[in-house]
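Labels below follow one simple rule: chain letters A, B, ... track the order of the sequence lines, proteins then strands, and each chain is numbered from 1. Predicted model, so just to flag it, every value in this text is computed and none were measured.
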Protein chains: 2
Amino acid sequence: MNGKATTTRTKLERGRSALGPALELVHTGRAPTRAVLTSELGVTRATAGAVAAELEALGLIRVDSSPGSAAGSQGRPSHRLAVSGTGPVALAAQVHADGFRAALVGLGGRIVATAPGCVAVMADPAQVLGEVVAAGAQLLRDTGLRCVGAGLAVPSAVAEPEGTALNPLHIAWPAGAPVREIFAECVRETGITGPAFTGNDVNLAALAEHRHGAGRGAQHLLCVATGHRGVGGALVLDGRLHSGSSGLALEVGHLTVNADGRPCHCGGRGCLDVETDPLAFLTTARREPGPEESLLKQAGDLLRTEYDDAAVRNAAEELIDRLGLGLAGLVNILNPDRIVLGGLHRDLLDADPERLRAVVADRSLWGRSGSVPILPCTLAHNSLVGAAELAWQPVLDDPLAALT
Amino acid sequence: MNGKATTTRTKLERGRSALGPALELVHTGRAPTRAVLTSELGVTRATAGAVAAELEALGLIRVDSSPGSAAGSQGRPSHRLAVSGTGPVALAAQVHADGFRAALVGLGGRIVATAPGCVAVMADPAQVLGEVVAAGAQLLRDTGLRCVGAGLAVPSAVAEPEGTALNPLHIAWPAGAPVREIFAECVRETGITGPAFTGNDVNLAALAEHRHGAGRGAQHLLCVATGHRGVGGALVLDGRLHSGSSGLALEVGHLTVNADGRPCHCGGRGCLDVETDPLAFLTTARREPGPEESLLKQAGDLLRTEYDDAAVRNAAEELIDRLGLGLAGLVNILNPDRIVLGGLHRDLLDADPERLRAVVADRSLWGRSGSVPILPCTLAHNSLVGAAELAWQPVLDDPLAALT
DNA sequence: TGAGTTTGTGCCGCAACTAAACAAACTGCG
DNA sequence: CGCAGTTTGTTTAGTTGCGGCACAAACTCA
């Protein structure tokens, strides 16, 4: 009728301007100075200066105009760049078998505040998520910080594009629960500003490790981690999470790593899931497994404190061999340039790094692929930080548009 | 000294301007008209018009200004866009067990000319590649077309960034031969214009199928194909080939698909490689395998012509089950939204599509992942077309810069 | 024939950048 | 101390790719 919507196009489809890339560089710590920013961005000093000034005006970064101290090389010292300490934050939430956790996370993966305790997980997703969001909202009120959005990490595959949690094995939720929708609704209701996102915890941990942890600088990062039960995987390609066409990629738990191993609920035998998780370790080491929600801790403690015990050591070596076989299979298919391990797998790596590396090298096809660096994860709450990354992403893509 | 190289930056790091994306849309047949180009590109009609005019001026596309015939809907009919029939071409080359092949390939994957016969492959890579390039150069002289570059497909993994052919099982080349360098040298020596590229044949076939064949429109395309011996895989993510951090991704041949299967040279048992390739089919069907360089044809003919024979049928079903198991494993890890099969796998799919789909659905974790469409490849010479895609890529990325 | 709809084009202007010249801040050497 | 040499920050003046119109063109439908 009015013929107005004819030529109006958003044009924001591809991130224009160097603002986003510049913020990402500072965010991931790859641009400590304006000079580095200039070269990393491939723009002139004039542009880099303008971009840095604009990001500072938005309250996202700090530019230390003070005469730099540690110079080192010749020439005029460059002004240092850092994420703002008082800028906006993302609300990060995580649900797991032990309970839940809420935190405020600033740029650079800096955890600003964490919600105190954790209570037991209840059956109803809406109730749990309501409590997490309420805890986060309280943190926001306490600190008075601006919120750019919210992210949630759940211990289950999240189907795209619906955002339903498939097979949440380790928490008592119904399969197919629309967690993304529920979470978004809770966030809206609570009056928290910004969009809400939901993702799988291992995926988000991988994202966080890639940006702020052991995966920094990797081009093709593979992460594998255990929770209390089962094994999860994630892949970060060129800085972006690869979660497949419907969010179900990297379901690595059912790779066969033992031809005549334990039966698995998937119908197969000897799956990575049932051969290398904490429960597998405890039973292989002939220990009585405790309650489900503490298997990871129990297994990790056992591995660290009783590695002298022959049964423990043998169990560890058996699991390392199985894990190595699984990793080698993944290396053959994905050819990553770095592998980061979490959960019990991280502890197994720490226990005998050489053995694991040798198995992977031996069982992967090409010698060079076998020499992939395998590292333990380094971030304390990587899933939580990863959840915050989801909320930060729109800001990283286009700071001006995201902060209106 | 002169202080000239200080602020000079290429700036071409990210493709600017809509020229490249526009050409890619026409190239892949996704922009049949200027109106579609406008919406797909997300720009105004003014911009789309200017872009189309510029691409036409470069001789890359044709704009039919004639009053369009088949309109269909209301309004002024849009001018039709098509790749130019007389524009430049890419030189495509392929080496395989049977010999080699050279062709000229225009935009849109259109094969303009093919070198006549094929001679037997000799031991020395330099000699073979010299002959292929010479054949291609002859085609260029005959047609008088401009050449944007050259691409080569080899039946072996190509290590990045060196460009060496690892384990060229099926041709009598030394392992680690620097094929990329040799090919580039031949191209340079012959006076062919433009850069030279080399890639794995299955990877390139996948790229071609994604742009012009059965994989069109897929976001996450998985291709699996057999040659005469062994199995290759490839993945195209968001239109770009994913070949891993060192070119060795998708080595799918050693997925275990039969716990107590045939021994494989990798040290394992029951690998996809030895359980589902043409030789495996012939022996399972109790047929005498012919010479190595005709196994694929022999197996395919047998499957098509003697499917009534119980031994043939049983062998086919056994291979389909094994292949399905392998594909299911890949689906769990990669979660593609389409699978395209080539070589004998394509014939197996044609023989009993329902059986293969059922096995994949049954053995992959999530029902929805199991319902991935599985299609036969549709391009006649997909590796060859894919090799040309390599050479076209710089033009697609930035037509102005690539054509000077 | 005229209203409605969709597409092509010319013109203006903006936003994001480059290029070039200059100023500033540091090191090192005589 | 002073001065060359080096690197970084800033200012100013273009350049360019593209959006936003306004209008013309080509077709359908009533």
Side-chain angles (χ1 to χ4, degrees), chain A residues 1-22 31-39 41-56 63-81 398-401, chain B residues 1-22 31-39 41-56 63-81 398-401:
Chain A
M1 305 305 174
N2 55 8
K4 224 169 88 183
T6 42
T7 41
T8 32
R9 290 241 143 239
T10 42
K11 187 242 183 172
L12 300 180
E13 313 200 348
R14 303 280 167 116
R16 68 291 144 77
S17 110
L19 265 189
T33 68
R34 302 222 320 221
V36 175
L37 187 65
T38 301
S39 62
L41 235 41
V43 298
T44 58
R45 289 197 301 271
T47 307
V51 162
E54 190 159 3
L55 289 176
E56 190 175 28
V63 180
D64 267 17
S65 295
S66 67
S69 49
S73 63
Q74 283 185 325
R76 173 174 174 174
S78 187
H79 294 173
R80 299 199 70 78
L81 300 177
D398 191 336
L400 255 183
Chain B
M1 308 300 182
N2 53 10
K4 224 169 89 185
T6 44
T7 40
T8 31
R9 290 241 146 241
T10 42
K11 187 240 181 176
L12 300 179
E13 312 200 347
R14 303 281 167 115
R16 68 292 145 75
S17 113
L19 265 189
T33 68
R34 305 227 313 225
V36 175
L37 187 65
T38 302
S39 61
L41 234 40
V43 298
T44 58
R45 289 197 301 271
T47 305
V51 163
E54 190 158 4
L55 289 177
E56 191 175 27
V63 180
D64 268 16
S65 294
S66 67
S69 48
S73 63
Q74 285 185 324
R76 172 175 175 175
S78 186
H79 295 174
R80 301 199 69 78
L81 300 177
D398 191 336
L400 255 183

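- For B:P77, taking side-chain heavy atoms from C-beta onward, the closest of the listed nucleotides D:dT8, D:dC27, C:dC17 is D:dC27.
- Of the side-chain N and O atoms in B:R34, none sit less than 4.0 angstrom from OP1 or OP2 of C:dT6.
- Shown here for A:A35 and A:S78, the closest heavy-atom pair between the two residues is N-OG, 3.2 Å.
- Counting non-hydrogen atoms under 4.0 angstrom, B:A35 reaches the backbone sugars and phosphates but no base.
- In terms of polar N and O atoms assigned as donor or acceptor, the side chain of A:R76 never comes within less than 3.5 Å of the base of D:dT7 in a complementary pairing.
- When rounded to the nearest whole Å, the span between CG of A:L81 and C1' of D:dT8 equals 12 Å.
- B:H79 places its NE2 atom 12 Å from the C1' atom of D:dC27, with the value rounded to the nearest Å.
- Atom CZ in A:R45 sits about 12 Å away from atom C1' in C:dA24, given to the nearest Å.
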Please list, pair by pair, any protein nitrogen or oxygen found under 3.5 Å from a nitrogen or oxygen in nucleotides 14-16 of chain D.
none

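- Of the two residues near DNA chain D, B:A46 and A:A46, the one whose nearest nucleotide lies more 5' is A:A46.
- Of the candidate nucleotides C:dT7, C:dC17, D:dT7, C:dT7 has the atom lying nearest to any side-chain atom of B:S78.
- Here the straight-line distance linking atom CZ of A:R80 with atom OG1 of A:T33 works out to 7.0 Å at 0.5 Å rounding.
- Looking at every heavy atom in both residues, B:A48 comes nearest to B:R34 through CB-O, 4.4 Å.
- The distance from atom CG of B:L400 to atom P of D:dG17 is 8 Å, rounded to the nearest whole Å.
- Residue B:L41 forms a side-chain contact (heavy atoms from CB on, under 4.5 Å) with just one option from B:T38, B:T44, B:V43, and that option is B:V43.
- Minimum heavy-atom separation, A:A22 to A:V51: CB-CG1, 3.3 Å.
- The side chain of A:T47 approaches C:dC17 more closely than any other nucleotide in the set C:dC17, D:dC18, C:dT7.
- Separating the CD atom of A:E56 from the P atom of D:dT10 is a distance of 10 Å, rounded to the nearest angstrom.
- Atom CZ in B:R80 sits roughly 12 Å away from atom P in C:dG8 (whole-Å rounding).
- Distance check, rounded to the nearest 0.5 Å: CD of B:E56 to CG of B:D64 gives 9.0 Å.
- Across every non-hydrogen atom of B:A31 and B:V36, the tightest pair is CA-CG1, 4.0 Å.
- At a threshold of 4.0 angstrom between heavy atoms, the contacts of B:A50 with the nucleic acid are absent.
- Listed candidates were C:dT5, C:dT18, D:dA26. Nearest to the side chain of B:Q74 is C:dT5.
- Taking atom CG of residue B:L41 and atom P of nucleotide D:dG17, one finds them 14 Å apart after rounding to whole Å.
- Side-chain N/O atoms of B:T44 include none lying less than 4.0 angstrom from OP1 or OP2 on D:dG20.
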